[in-house]
Number of protein chains: 2
Amino acid sequence: MECKPNFEIDRKKEMMAVHDAMDVLNGKWKIYIISSVCHYNRRRFSDILNDVPGISNKMLSKELKELEINKLIERTVLDTHPVTVHYELTKHGRTLQTIIHNLTDWGLEHRKEITGRS
Amino acid sequence: MECKPNFEIDRKKEMMAVHDAMDVLNGKWKIYIISSVCHYNRRRFSDILNDVPGISNKMLSKELKELEINKLIERTVLDTHPVTVHYELTKHGRTLQTIIHNLTDWGLEHRKEITGRS
DNA sequence: CTGTATCCCATTTGATACTG
DNA sequence: CAGTATCAAATGGGATACAG
């Protein structure tokens, strides 16, 4: 088994990469926020607040900041009175669509599996 | 836009499915545990403890139970002294490989994006 | 409208010790 | 080896009030 050493290194790298990805999607709300913004292309703070059932303004604010730091969404302040703020996915953020789609498919299959082929 | 209503229903369903999936992968350790078990096909408690850096036996025990409840892993007790316990992925658990692979790829790209094309 | 600041509770996680 | 028990600490998250 001369492939074993590389095998191990690859596994470390894989774990790190998965960790990076999960870190970004972590928390109770991020995927829903992304889903909301992605779905409408461009969305305001209070719109997202309505889109995501149960989220508080505090949490939304916090999560949006983290998503911005991770360059997944872009925040645009419009000079209106009172101010309007748009959020939209960056190009990088849109690359998450594949993952969200996979998670959706898997989630549907999983529910079947757990509930016994409902 | 006569497609709007279905659009909305689909979004709810999608959110629910993604939620189901994230629920299962939730917590700090599950994906690493899955990754470990998957990688070696069959793995013992203490092996996983070593594979996943930083995890405590309490957490490992708890996470393994949840994974078992969700039918992602199977626990086998061998009648040795002292007892040996094997964990392996179920067929359903193995379907997570696609997602883990996607997360890995995305994580690598994300790191490039954040660190500025390292 | 778009947030920020507090306060406070619940859940999660870690450290350590112990059991069959 | 494969866990459990217990206590303590950290974190997450809701409610409410307030600010630009």
Side-chain angles (χ1 to χ4, degrees), chain A residues 15 18-20 22-37 40-70 72-90, chain B residues 15 18-37 40-70 72-89:
Chain A
M15 301 248 300
V18 177
H19 186 261
D20 285 349
M22 288 302 282
D23 237 34
V24 167
L25 303 180
N26 217 338
K28 207 168 164 180
W29 310 107
K30 292 216 180 66
I31 286 198
Y32 305 129
I33 295 169
I34 292 169
S35 168
S36 162
V37 176
Y40 294 98
N41 282 327
R42 174 176 284 149
R43 207 77 176 136
R44 286 181 314 162
F45 189 86
S46 52
D47 291 331
I48 305 173
L49 214 49
N50 286 323
D51 290 341
V52 182
I55 196 170
S56 65
N57 53 353
K58 178 176 120 183
M59 277 300 110
L60 181 53
S61 174
K62 190 189 126 206
E63 304 280 64
L64 283 170
K65 266 181 201 160
E66 292 178 19
L67 291 173
E68 208 189 341
I69 288 172
N70 279 304
L72 299 178
I73 59 166
E74 202 176 328
R75 182 173 178 273
T76 315
V77 183
L78 277 67
D79 192 17
T80 55
H81 294 276
V83 292
T84 308
V85 181
H86 281 161
Y87 292 93
E88 56 192 312
L89 288 189
T90 60
Chain B
M15 301 247 301
V18 176
H19 186 261
D20 285 350
M22 288 302 282
D23 239 32
V24 167
L25 303 180
N26 216 340
K28 209 169 163 179
W29 309 107
K30 292 217 180 63
I31 287 199
Y32 306 128
I33 296 169
I34 293 169
S35 167
S36 162
V37 176
Y40 294 98
N41 280 325
R42 174 177 284 151
R43 207 75 175 137
R44 289 180 312 163
F45 188 87
S46 52
D47 291 332
I48 306 174
L49 214 48
N50 286 322
D51 290 342
V52 182
I55 195 170
S56 67
N57 52 354
K58 179 176 125 183
M59 277 301 109
L60 180 54
S61 173
K62 191 190 126 206
E63 304 279 64
L64 283 170
K65 267 180 199 160
E66 293 177 21
L67 291 172
E68 208 188 341
I69 288 171
N70 278 304
L72 299 178
I73 60 166
E74 202 176 330
R75 181 174 179 273
T76 313
V77 182
L78 276 67
D79 192 15
T80 55
H81 295 276
V83 293
T84 309
V85 182
H86 281 161
Y87 292 94
E88 57 192 311
L89 288 189

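Just so it is clear, the structure is predicted and the values come from calculations on it, not from any experiment. In the text below, chain A, chain B and the rest are named by the order of the sequence lines, each starting its count at 1.
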Below 4.0 Å: OP1/OP2 of [N] and any side-chain N or O of [X]:
{"X": "B:Ser61", "N": "D:dT4", "answer": "yes"}
{"X": "A:Tyr87", "N": "C:dG3", "answer": "yes"}
{"X": "A:Lys65", "N": "C:dT4", "answer": "yes"}
{"X": "A:Arg75", "N": "C:dG3", "answer": "yes"}

### Task
Would you please name every residue forming a side-chain hydrogen bond (donor to acceptor under 3.5 Å, both in side chains) with B:Asp20, sequence neighbours left out?
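In terms of side-chain hydrogen bond (donor to acceptor under 3.5 Å, both in side chains), with neighbours along the sequence ignored, B:Asp20 is linked to A:Arg111.
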## Note on the structure
With sequence neighbours left out, the residues meeting side-chain hydrogen bond (donor to acceptor under 3.5 Å, both in side chains) with A:Asn50 are none
What pairs of donor and acceptor atoms, side-chain ones from residues 30-37 of chain B against any protein atom, are under 3.5 angstrom apart with sequence neighbours left out?
{"unit_1": "B:Lys30", "atom_1": "NZ", "unit_2": "B:Asn26", "atom_2": "O", "d": "3.0"}
{"unit_1": "B:Lys30", "atom_1": "NZ", "unit_2": "B:Glu63", "atom_2": "OE1", "d": "3.1"}
{"unit_1": "B:Lys30", "atom_1": "NZ", "unit_2": "B:Glu66", "atom_2": "OE1", "d": "2.8"}
{"unit_1": "B:Ser36", "atom_1": "OG", "unit_2": "B:Asp51", "atom_2": "OD2", "d": "2.5"}

### Query
Looking at the side chain of B:Thr84, which of D:dG20, D:dA2, C:dG3 is the nearest nucleotide?
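Minimum distance to the B:Thr84 side chain belongs to D:dA2.
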Please give, in whole Å, the distance from [N] [atom2] to [X] [atom1]?
{"X": "A:Leu78", "N": "C:dG3", "atom1": "CG", "atom2": "P", "value": "12 Å"}
{"X": "B:Asp23", "N": "C:dT11", "atom1": "CG", "atom2": "C1'", "value": "14 Å"}
{"X": "B:His86", "N": "D:dA2", "atom1": "NE2", "atom2": "P", "value": "8 Å"}
{"X": "B:His81", "N": "D:dA2", "atom1": "NE2", "atom2": "P", "value": "14 Å"}
{"X": "A:Asn26", "N": "C:dT12", "atom1": "CG", "atom2": "P", "value": "13 Å"}

### Message
Quick check: closest heavy atoms across B:Glu88 and B:Asn41, and the distance to 0.1 Å?
### Response
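Minimum heavy-atom contact is CB-O, 3.2 Å.
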#### Entry: Nearest atoms (heavy-atom pairs only) where A:Phe45 meets A:Asn57
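Of all heavy-atom pairs spanning A:Phe45 and A:Asn57, the closest is CZ-O, 3.8 Å.
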### Message
Using a strict heavy-atom distance below 4.0 Å, which residues from residues 42-49 of chain A are in contact with DNA chain C?
### Response
A:Arg44, A:Phe45, A:Ser46
### Message
Are A:Arg44 and A:His86 packed together at the side-chain level, in the sense that at least one heavy-atom pair is separated by less than 4.5 angstrom?
### Response
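Result yes, sub-4.5 Å side-chain heavy-atom pair found.
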Check: protein-nucleotides 10-17 of chain D nitrogen or oxygen pairs below 3.5 Å:
{"unit_1": "D:dG14", "atom_1": "N7", "unit_2": "A:Lys58", "atom_2": "NZ", "d": "3.4"}
{"unit_1": "D:dG14", "atom_1": "O6", "unit_2": "A:Lys58", "atom_2": "NZ", "d": "2.1"}

Without placing hydrogens or testing angles, list every side-chain donor-acceptor pair under 3.5 Å for residues 72-81 of chain B, not counting sequence neighbours.
{"unit_1": "B:Arg75", "atom_1": "NE", "unit_2": "B:Tyr87", "atom_2": "OH", "d": "3.3"}
{"unit_1": "B:Thr80", "atom_1": "OG1", "unit_2": "B:Pro82", "atom_2": "O", "d": "2.8"}
{"unit_1": "B:Thr80", "atom_1": "OG1", "unit_2": "B:Thr84", "atom_2": "N", "d": "3.1"}
{"unit_1": "B:Thr80", "atom_1": "OG1", "unit_2": "B:Thr84", "atom_2": "OG1", "d": "2.8"}

### Task
Hey, could you give me the CG/NZ distance between B:Asn70 and B:Lys65, rounded to the nearest 0.5 Å?
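So the gap between those two atoms works out to 14.5 Å.
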### Task
Take B:Leu60 and B:Val52 through the test side-chain contact (heavy atoms from CB on, under 4.5 Å) and record every step on the way to the result.
CA-CA 9 Å; B:Leu60 180 54; B:Val52 182; 5.9 Å; no
